[in-house]
There are 2 protein chains.
Amino acid sequence: MQNKPARGTPLPAYEQIKRHVLAQIENGLLKPGDVVPSETEMVKEFGVARMTVSRALRELMAEGVLNRVRGSGTYVAPRQYESTVLQIRNIADEIAARGHRHTARVLALESSDDPNAVAALELDTGPVFHSRIVHNEEGEPIQYEDRYVNPEVFPEYLAQDFTVETPNNYMVRLAPIQRAEFRIYAQKPDAHVRQHLAMEIGEPCLLLLRRTWVGKDVATSVRLWHPASRFHLAGTV
Amino acid sequence: MQNKPARGTPLPAYEQIKRHVLAQIENGLLKPGDVVPSETEMVKEFGVARMTVSRALRELMAEGVLNRVRGSGTYVAPRQYESTVLQIRNIADEIAARGHRHTARVLALESSDDPNAVAALELDTGPVFHSRIVHNEEGEPIQYEDRYVNPEVFPEYLAQDFTVETPNNYMVRLAPIQRAEFRIYAQKPDAHVRQHLAMEIGEPCLLLLRRTWVGKDVATSVRLWHPASRFHLAGTV
DNA sequence: AAGTGGTCTAGACCACATC
DNA sequence: ATGTGGTCTAGACCACTTT
């Protein structure tokens, strides 16, 4: 870790240290409960000031990766359970886990220049890929999926048959999702969504918005509508 | 801001600076979009090193309270009406983080023998404690909280003043929450909830059910109703 | 050119846990 | 007593935006 960032603005030292620790956790060299080298040790290892190590470890604690105890040491935090809010991405798997039959109907699979979608994917220009799919459980519609996809990350998206494999399954199969952002709303559906979900007028939807990252790119931005009477989200922390 | 914390471990300087900025946002001296004094100015104002001011402002940015632009300045972030599902935070903190004023009205605080509540707390017999509270953000109702509490875990629950401290804050202060289970629904509120949340007829609620464990005991079981037009849940993974 | 935030250093004192 | 993390200082160089 050179004192001066060399060229082209490489990562700052504290960020490099964070990634170094994260990498060790990912490849199993550090397991939950393990002691992480002390600040003093890392100062020697990386040749930086203690403040720099301190910032790296403090931020990892704020992110829930590490636990720090004054007078004792720094430890790898226990693994955090993922909630169903994440697993929702595999609606087909969830349906299968309930012993039910999943079917899908592809309403649209196309290129799009929707500026909102381009912005949601954090791209400068379009076109982007777009799909609209209704997922059924035992023939009953349970999810209306409106998805935009980054063509740079998934160039073959439009060539897939999404009645066989869900878009999300296709994507996690090709690229590891590294980060996700979600929002959950209760919302009245528009007529289009309401009809495709066979909902009664006045019934609300549980709307889940998700954006997922692959590396530094937004890979996909999706809106998932679910009829409130037939669906809810659940999980543990 | 004395250089040396005097006695009894007062708040560290960076934390005092954070609260000072948050207070100014709360009382309206700083509004979304406003320029926050620069690091150099705060160094003079508080008599601390620039690193200390830098940390305070950096953490407020990480919390979504401020936006910082190199070469330009530090700005108050636009209001965010969202909440975090995966973390266990309380509504008062979230409102404070948005720079807003939280108030609460206690509708009920009592013992209850509701068999459903006793079962939800996984107890054999009642009574259990029960509270119903409406939380307001800037005077506008944002959450209707219907909570049952395990008397064995929080025997002094009924003696608290929940206009001063939220039940959640009271409980996490006394006992560490070790596990939580949640369910999220989109639901039409009943007339009682709808009126207390000042909602229009037909507007759906985002309903969050949560049970939390302290050790092997269910500590609390709570239903949180939020008006869909004014509230959503959000988070990252 | 001046001002801003982003990062970093090489020290320091402290509270606390462990040995 | 030793080592740990928590905080803080008084400088510094840099990239960037604004004037």
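If you're wondering where the values come from, they're calculated on a predicted model, not measured in any experiment.
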Problem set entry | Over 12 non-hydrogen atoms of neighbours within 6.0 angstrom of CD in Glu122(B) | yes
Exercise. Can you tell me how far C1' of dG5(C) sits from CG of Leu60(B), to the nearest Å?
Worked result: 15 Å
For this session: Ignoring backbone atoms, test whether Ser72(A) places a side-chain nitrogen or oxygen under 4.0 Å from the OP1 or OP2 oxygen of dG3(D).
Result: no
Problem set entry | Under 4.0 angstrom between Arg58(B) side-chain N/O and dG5(C) OP1 or OP2 | no
For this session: Give Thr40(B) one of three labels, base, sugar-phosphate or nothing, depending on what nucleic acid heavy atoms sit under 4.0 Å from its own.
Result: sugar-phosphate
Exercise. Glu59(A) CD to dG6(C) C1': how many Å, rounded?
Worked result: 12 Å
Exercise. Can you find an N or O donor on one side and an acceptor on the other, under 3.5 Å apart, linking the side chain of Arg50(A) with the base of dG6(D)?
Worked result: yes
Problem set entry | Closest-nucleotide 5' rank along DNA chain D - winner of Val69(A) and Met51(A) | Val69(A)
Exercise. Roughly how far, to the nearest 0.5 Å, is CZ of Arg68(A) from CD of Glu39(A)?
Worked result: 4.5 Å
Problem set entry | Between C1' of dG5(D) and CE of Met42(A), the distance in whole Å | 13 Å
Seminar exercise, completed: Of the candidates dG6(C), dC8(C), dT7(D), the side chain of Arg70(B) sits closest to dG6(C)
Problem set entry | Distance, rounded to the nearest Å, where Met61(B) contributes CE and dG5(C) contributes P | 11 Å
Problem set entry | Separation of atom CG in Asn67(A) from atom P in dG5(D), rounded to whole Å | 13 Å
Problem set entry | Contact nearer the 5' end of DNA chain C, comparing Tyr75(A) with Thr52(A) | Thr52(A)
Problem set entry | Any Ser38(B) side-chain N or O less than 4.0 Å from OP1/OP2 of dG3(C) | no
Exercise. Arg68(B) side chain N/O closer than 4.0 Å to the phosphate oxygens (OP1, OP2) of dT4(C)?
Worked result: no
For this session: Could you tell me the separation between the CD atom of Glu41(B) and the P atom of dT4(C), rounded to a whole number of Å?
Result: 6 Å
Exercise. Do any N or O atoms from the side chain of His226(B) and from the backbone of Leu206(B) form a donor-acceptor pair under 3.5 angstrom?
Worked result: yes
Exercise. If you check the Ala49(B) side chain, which of dC8(C), dG6(C), dT9(D) turns out closest?
Worked result: dT9(D)
For this session: Check the pair Thr166(A), Asn168(A) against side chain to side chain donor-acceptor pair (under 3.5 Å), reporting the backbone distance first and the verdict last.
Result: CA-CA 5 Å; Thr166(A) 65; Asn168(A) 227 302; over 6 Å; no
Problem set entry | Integer-rounded Å distance: dA10(D) P and Glu39(B) CD | 16 Å
For this session: Could you check which of dC8(C), dA10(D), dG6(C) has an atom nearest any side-chain atom of Tyr14(A)?
Result: dC8(C)
Seminar exercise, completed: Of all heavy-atom pairs linking Trp213(B) and Val218(B), the shortest is NE1-CG2, 3.5 Å
Exercise. Within the structure shown, what part of the strands sits under 4.0 Å from Thr74(A) by heavy-atom distance: base, sugar-phosphate, or nothing?
Worked result: sugar-phosphate
For this session: Calculate the interatomic distance between Arg55(B) atom CZ and dG6(C) atom P; express it in whole Å.
Result: 15 Å
